[in-house]
**Student:** 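The structure under discussion is supplied below as structure tokens; questions concerning it will follow.
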Amino acid sequence: MNYAPAISGHVFEAISKNEPFPAEVHASLASEAHVLEIERFDLWYGKSRALHSITLSVPRGKVTALIGPSGCGKSTLLRSVNRMNDLIDSVRIEGEMRLNGDPIYAPGQDVIELRKRIGMVFQKPNPFPMSIFENVIYPLRIDGERDRRVLAEVCESSLRGAGLWDEVKDRLNDSALRLSGGQQQRLCIARAISAQPEVLLLDEPCSALDPIATARIEDLIEELKGNYSILMVTHNMQQASRSSDFTAFMYLGRLVEYGPTQDIFLQPHLKETEDYISGRFG
Amino acid sequence: MSESPRKEPVDKARRVTRRRSERRATSLLSHGEPMVWLTGGALAIASLMILGLLALVLWHGLPTFWPGPLVQVQTHAGRTLAGEVSVTERFAPEPSVVEALPEGVRAAARSELERGEGRTRRRMLRTGNYELSGSHFNWVSDLEIASESEPEWLVLVERLSWGRFYGTPRAITIDGARTEGEPGVLWARFEEHHDEVRARWERRRELEVVEIGEVNHRMEAARLRVRAAELASGVDSDEARAARGESQRVATAAEEDFRSLQAQIATLREQNARYTLELETADGARATLALEEVVRAFAPNRLGTAARLGVYVDRTLEFLVDEPREANSEGGVFPAIFGTVLMTLIMAVLVVPFGVLAALYLREYARPGPIVSAVRIAINNLAGVPSIVFGVFGLGFFCYIVGVQVDELLFAAKLPTPTYGKGGLVWASLTLALLTLPVVIVPTEEALSSVPSSMREGSYACGATKWQTIWRIVLPRAMPGIMTGMILALARGAGEVAPLMLVGAVKLAPELPLDATAPFLHAERSFMHLGFHIYDLGFQSQNSEAAKPMVYTTTLLLIALVVTLNLLAIWIRARLRRRFQGNQL
């Protein structure tokens, strides 16, 4: 394998030799309470290995951003948390993940129940072909909740939580597909938080949106911080630096450096991280 | 085209080829012009053929009920014909036709023929009066006509049997009192009394069909109970004896009802027998018609446009809501409309869920591979099997295997008369459901595969199971596509005739498959179908000339019906689309 000559350091050497290396995890992470612990997690798509022994803990009530160049395995890692990768036949995994102490990949784990504890928002807004109201309460519907009052309450609080209530409160029965892109994405966030998830996964939530809609989503992430533990994939460096508390830098399926966002952006321990942050490669 | 960098030095020969290739690049073909003409032409031809067919059907179908003027012609040979012109055409008469003319007019005829280059006009007159003349129609060429008129009081009578009658009123008998006189006076008397006579006739029909039918039904039910009890507990059992006693009682009571009904019928018949109308035909013969036999009568030559329009509307309504008479060539086609709609709807109810489930398995559950591909190809090929084969299958499997089993299990008392073991509504619907299965499966599969995977993922991420995702996300989103399949199936099913001949469509069904007696929907009954009706009118009719316009009109009706069903489905689909699709990112 051949890398840009400007980059040097033990990480790239190790990767090129296909040797394991310890990720640089900042000490301040140890003092956090963790909602999600990932331990020595490997993932293969058929024969090609997408994740190499990832060990990473997501702090409770904070926003953690996963950054890294395309194809570094950020999204794969994210989708492994709620076992969306199960839908792909060729995927094989090793290692462990724990959500609040419960092993996610335990043999008897009920995937459906597990996914109900995890909210997920995708890159492209994916509202369902139904009314706004039905979209928001979808997780409750599939759980069999029928009490109109409960549903209405959850709908309102989730939409308020996602900063969409004032815009749609008069047309809850309209098709969700007629909202604008930004509104649709906030609707998806409302849907994701309506089931009170223990962790919220955001997979590049702004990449399909215009700058104004992006700004609103970032504000929203700011507001959600504290109430929800968020694990977010982003391509946008500024977004990571603005919105997240912690940042993990991934490269070619490995975790390279993980620490408080300020440290990662201002004084990274590794040269590779600095190079990526400053745009020298990626 | 691509701008590839020129690297090699360009010698002369090369330049020539280049120039040629450049010219090719901007040739007419690559310009696309011929393709526009080709594709546009294909579309134009296709639509021209469809429009032509529609225009033909409209041209022949719409005027069927229009009352044209009645003409009376006197031929040189001394015959008098009166009737409605139904066909006008130019033809080349044999020389003998001219020879047969009286000497005085032969020269005029010859010069007429010369002017027309050997051709002249002939008309087919619907002369009716079948019981007197033995024919419904007569050709008359212009050469033969000595004089022609449109007599004011020539009356057209549509009656229950024997076809139409054309004649001039000469006498009318009202309640036994015969009056002769001016046609106008007689006609006023006719119109005064016709409705009451018809009302009595209708009452009589109702007694004969509905009430006597009900009595028969009661007796039959009692007899079946006896038979069922005998089958269940033996001929000498107490139950059978009790049932026999009960049946005896029912039969006695029914006998009484029957006699009283017969008496009523006889009274009505006697009353009506005292009303007759006497008409004189164009050639001077007299005929007496019972007033109750007259469905509609009017003097076309006295009618203005508004009155003609009235007759037109009246006849059209009769066509739509009445039962057929005269071997289906007159009257209405209501039972056929009803049968077609009911059968098509039952078919849709059967085929859509079934097809959707099959498509769901193929698209959502089955692991793609050679077996699934083979199944898919088999389904597509099913659409190419001749429909008569489906009819044979329906007859052999549904009627003779399934139907016979059903009869043995549930209707043993009625045997050997089959209930389900013969052609019937349910078997016809099932056969057509089978026939239209690929038409539903293919678009449904397409619709399912066009549901964005992001929606499914979103649903799974919310913790939905596969079935919840299918039921709440995939199916609603695919609904417009499924509706497309249904529309195609409706169109295909409503227009299909061949298999129906084997599995339950009949020329004349005495009873509608849906009525007020339990169990209301009589799925085992034979039914009438517009498509079969068209075939029957066109090819099986005794009076084919009279049936011909009805063929077009019935075709028009069938097309209108299919279009209506389709528009309904399209409307529903548009609504669903608005609801489920909106502006997708």
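Letters A, B, ... are given to chains in the order of the sequence lines, protein chains preceding strands, and every chain is numbered from 1. All values derive from a computational prediction rather than experimental measurement.
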**Student:** What are the two closest heavy atoms between A/Pro129 and B/Arg477, and how far apart are they?
**Tutor:**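 Looking at all heavy atoms of both residues, the shortest contact is CG-CB, 3.6 Å.
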**Student:** Using 0.5 Å steps for rounding, measure from the CZ atom of A/Phe122 to the OG atom of B/Ser454.
**Tutor:**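 If we round to the nearest 0.5 Å, A/Phe122:CZ and B/Ser454:OG are 8.5 Å apart.
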**Student:** Above 12 or not: heavy atoms from other molecules or residues under 6.0 Å from CH2 of B/Trp571?
**Tutor:**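 Not buried by this count: 12 neighbours or fewer within 6.0 Å.
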**Student:** For residues A/Met120 and B/Ala461, report the shortest heavy-atom separation together with the two atoms involved.
**Tutor:**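 Nearest pair, atom of A/Met120 first, then B/Ala461: CB-CB, 3.9 Å.
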**Student:** Is chain B contacted by the side chain of A/Ile112, its backbone, both, or neither, given a heavy-atom distance below 4.5 Å?
**Tutor:**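 Contact with chain B involves both backbone and side-chain atoms of A/Ile112.
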**Student:** Rounded to the nearest 0.5 Å, what's the gap from CD1 on A/Ile118 to SG on B/Cys462? Could you check?
**Tutor:**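 Rounded to the nearest 0.5 Å, the CD1-SG separation comes to 12.0 Å.
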**Student:** Check this for me: B/Ile371, atom CD1, are more than 12 non-hydrogen atoms of other residues, nucleotides or ligands nearer than 6.0 Å?
**Tutor:**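 Open: at most 12 neighbouring heavy atoms sit under 6.0 Å from CD1 of B/Ile371.
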**Student:** Show your working on side chain to side chain contact (heavy atoms under 4.5 Å, CB included) between A/Asn126 and B/Arg456 and close with a plain yes or no.
**Tutor:** CA-CA 9 Å; A/Asn126 57 353; B/Arg456 293 166 205 256; over 6 Å; no
**Student:** Using heavy-atom distances under 4.5 Å, tell me whether A/Leu114 contacts chain B through its side chain, its backbone, both, or neither.
**Tutor:**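 A/Leu114 has no heavy atom closer than 4.5 Å to chain B.
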**Student:** Of the backbone (N, CA, C, O) and the side chain (C-beta and beyond), which part of B/Arg472 lies under 4.5 Å from a heavy atom of chain A, both, or neither?
**Tutor:**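 For B/Arg472, heavy atoms of backbone and side chain both lie under 4.5 Å from chain A.
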**Student:** Does atom CZ of B/Phe354 have more than 12 heavy-atom neighbours from other groups under 6.0 Å away?
**Tutor:**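 No, CZ of B/Phe354 has 12 or fewer neighbouring heavy atoms, counting only those of other groups under 6.0 Å.
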**Student:** Contact part of A/Arg191 toward chain B, heavy-atom cut-off under 4.5 Å: side chain, backbone, both or neither?
**Tutor:**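 Side chain of A/Arg191 only, per the 4.5 Å heavy-atom cut-off to chain B.
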**Student:** Just wondering, are more than 12 heavy atoms of other shown residues or ligands nearer than 6.0 Å to CH2 in A/Trp44?
**Tutor:**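 Yes, CH2 of A/Trp44 has more than 12 neighbouring heavy atoms, counting only those of other groups under 6.0 Å.
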**Student:** Does any backbone or side-chain atom of A/Asp89 lie under 4.5 Å from a heavy atom of chain B? Answer side chain, backbone, both or neither.
**Tutor:**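 The answer is the side chain of A/Asp89.
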**Student:** Excluding sequence neighbours, so at least two apart, what forms ring pair (Phe, Tyr, Trp, His ring centres under 6.0 Å) with B/Phe390?
**Tutor:**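 Applying ring pair (Phe, Tyr, Trp, His ring centres under 6.0 Å) to B/Phe390 gives none.
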**Student:** Only distances under 3.5 Å count here; give the side-chain donor-acceptor pairs of residues 374-385 of chain B to other protein atoms, sequence neighbours excluded, each with its distance to 0.1 Å.
**Tutor:**
from, atom 1, to, atom 2, distance (Å)
B/Arg376, NE, B/Glu445, OE1, 3.0
B/Arg376, NE, B/Glu445, OE2, 3.1
B/Arg376, NH2, B/Glu445, OE2, 2.8

**Student:** For a quick test of reading the model, state the closest non-hydrogen atom pair linking A/Tyr138 to B/Thr469 and the distance between them.
**Tutor:**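 For A/Tyr138 and B/Thr469, the tightest heavy-atom pair comes out as OH-CA, 4.1 Å.
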**Student:** Working to the nearest 0.5 Å, report the span between OG of B/Ser453 and NZ of A/Lys124.
**Tutor:**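 One finds 8.0 Å between OG of B/Ser453 and NZ of A/Lys124.
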**Student:** Could you tell me whether A/Ile212 atom CD1 has more than 12 heavy atoms of other residues or ligands within 6.0 Å of it?
**Tutor:**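 Counting other residues, nucleotides and ligands, CD1 of A/Ile212 stays at 12 neighbours or fewer.
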**Student:** So which part of A/Arg79 gets closer than 4.5 Å to some heavy atom of chain B, the side chain, the backbone, both or neither?
**Tutor:**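 The side chain, not the backbone.
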